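Okay, so here's the structure we're looking at.
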Amino acid sequence: MRHYTTCAGEGRCAVTLEATVADGGQGIAAFVYGGEVSHVGGSALAAPGPELNGKRLSRADVWTATVPGHKDAQLAASVARKLAIACQASVSVAAGVHVDNATPDDLRLIGANADAAVAELLRQLGVAGNGE
């Protein structure tokens, strides 16, 4: 197994992505955290979409679970989907980024920082694309 850590942003909207890649690329387990309080508020599992008669039905399928009162599963789903598409592997992501009184701009910045952390991880893995 190989372990990676990437970070993006600074201050209360900074995001860290830790990922462990199973041997042979047989899956990725990741934790996205940051803000003022790191925690587990949601999770997502993503897998490359299935094929039927040689045609891919979707780029990735995603399933989520949320701790009541949290919205972190949305961030976990975004990261898991991007990694599953780019790496063509199953991906499990736990996420927890808490910022008190976050504004819409804060939330956009957290999302952009998570995207940057994913892009850096893909660069480290030698995978082309950003999972979009």
Side-chain angles (χ1 to χ4, degrees):
M1 298 233 249
R2 296 168 300 169
H3 306 280
Y4 301 86
T5 300
T6 65
C7 302
E10 54 187 43
R12 68 189 215 137
C13 294
V15 172
T16 299
L17 169 60
E18 294 187 13
T20 300
V21 179
D23 293 335
Q26 295 299 305
I28 299 170
F31 186 26
V32 178
Y33 60 91
E36 297 168 329
V37 180
S38 299
H39 62 287
V40 175
S43 64
L45 177 65
E51 287 187 20
L52 181 63
N53 298 324
K55 183 175 182 180
R56 186 155 310 273
L57 299 178
S58 68
R59 295 185 69 205
D61 292 335
V62 181
W63 304 268
T64 63
T66 303
V67 174
H70 293 259
K71 297 179 181 172
D72 302 286
Q74 295 169 336
L75 181 61
S78 174
V79 170
R81 183 177 190 281
K82 288 174 181 167
L83 290 173
I85 291 169
C87 298
Q88 287 298 290
S90 299
V91 178
S92 173
V93 176
V97 178
H98 178 81
V99 173
D100 281 335
N101 302 310
T103 67
D105 285 341
D106 290 335
L107 297 177
R108 280 189 286 279
L109 183 54
I110 289 167
N113 288 339
D115 289 346
V118 168
E120 174 58 20
L121 175 62
L122 292 174
R123 188 194 66 74
Q124 290 180 21
L125 294 173
V127 176
N130 63 3
E132 288 298 323

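Keep in mind that this is a model prediction, so the values were computed, not measured.
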Apply the test side-chain contact (heavy atoms from CB on, under 4.5 Å) to residues T5 and L17: give CA-CA distance (whole Å), side-chain angles for both, the deciding distance (0.1 Å), then the verdict. CA-CA 6 Å; T5 300; L17 169 60; over 6 Å; no

Over all atoms of both residues, closest heavy-atom pair of A86 and V127: O-CG1, 3.1 Å

For D115, is there an ion pair with K82 - N to carboxylate O distance below 4.0 angstrom? yes

Going by salt bridge (charged side-chain N to carboxylate O under 4.0 Å, His left out), name the pairs with one or both residues in residues 62-76, residues two or more places apart or in two chains. none

When the ring planes of H39 and H98 are compared, do they come out parallel, tilted or perpendicular, using 30° and 60° as the limits? perpendicular

Please test V32 against V93 for side-chain contact (heavy atoms from CB on, under 4.5 Å), starting from the C-alpha separation and ending with a verdict. CA-CA 7 Å; V32 178; V93 176; 3.8 Å; yes

Could you tell me whether a side-chain N or O of N113 sits under 3.5 Å from a main-chain N or O of C13, the two making a donor and an acceptor? yes

Looking only at heavy atoms, the pair that brings G25 and A89 closest together is O-CB, 3.6 Å

Which pair of heavy atoms, one from V91 and one from A84, lies closest together, and at what distance? CG2-N, 3.6 Å

Are V62 and L45 close enough that some pair of their side-chain heavy atoms sits under 4.5 Å apart? no

What is the minimum heavy-atom distance between A60 and R81, and which atoms define it? CB-CG, 4.1 Å

Counting only N and O atoms by type, is there a donor-acceptor contact under 3.5 Å from the side chain of T6 to the main-chain atoms of A117? yes

Go through the structure and list residues passing salt bridge (Lys or Arg N to Asp or Glu O under 4.0 Å) with D105, not counting sequence neighbours. R108

Does L125 reach the side chain of C87, with side-chain heavy atoms less than 4.5 Å apart? yes

Are the side chains of S58 and P50 in contact, using a 4.5 Å heavy-atom criterion? yes

Would you say Y4 and E120 are linked by a side-chain donor-acceptor pair, where the criterion is simply a distance under 3.5 Å? no

Among Ile, Leu, Val, Met, Phe, Trp and Tyr joined by side-chain contacts under 4.5 Å, find the other residues sharing a cluster with V67 and list them by chain and number. none

Counting N and O atoms only, with roles assigned by atom type, does the side chain of R12 sit under 3.5 Å from a partner on the main chain of D100, one being a donor and the other an acceptor? yes

Side-chain heavy atoms of V99 within contact of I110, under 4.5 Å: yes

Strictly distance-based, threshold 3.5 Å: is any side-chain N or O of Q124 a donor or acceptor partner for the main-chain N or O of L122? no

Give a yes or no on whether the backbone of M1 and the side-chain of D23 come within a donor-acceptor separation of less than 3.5 Å. yes

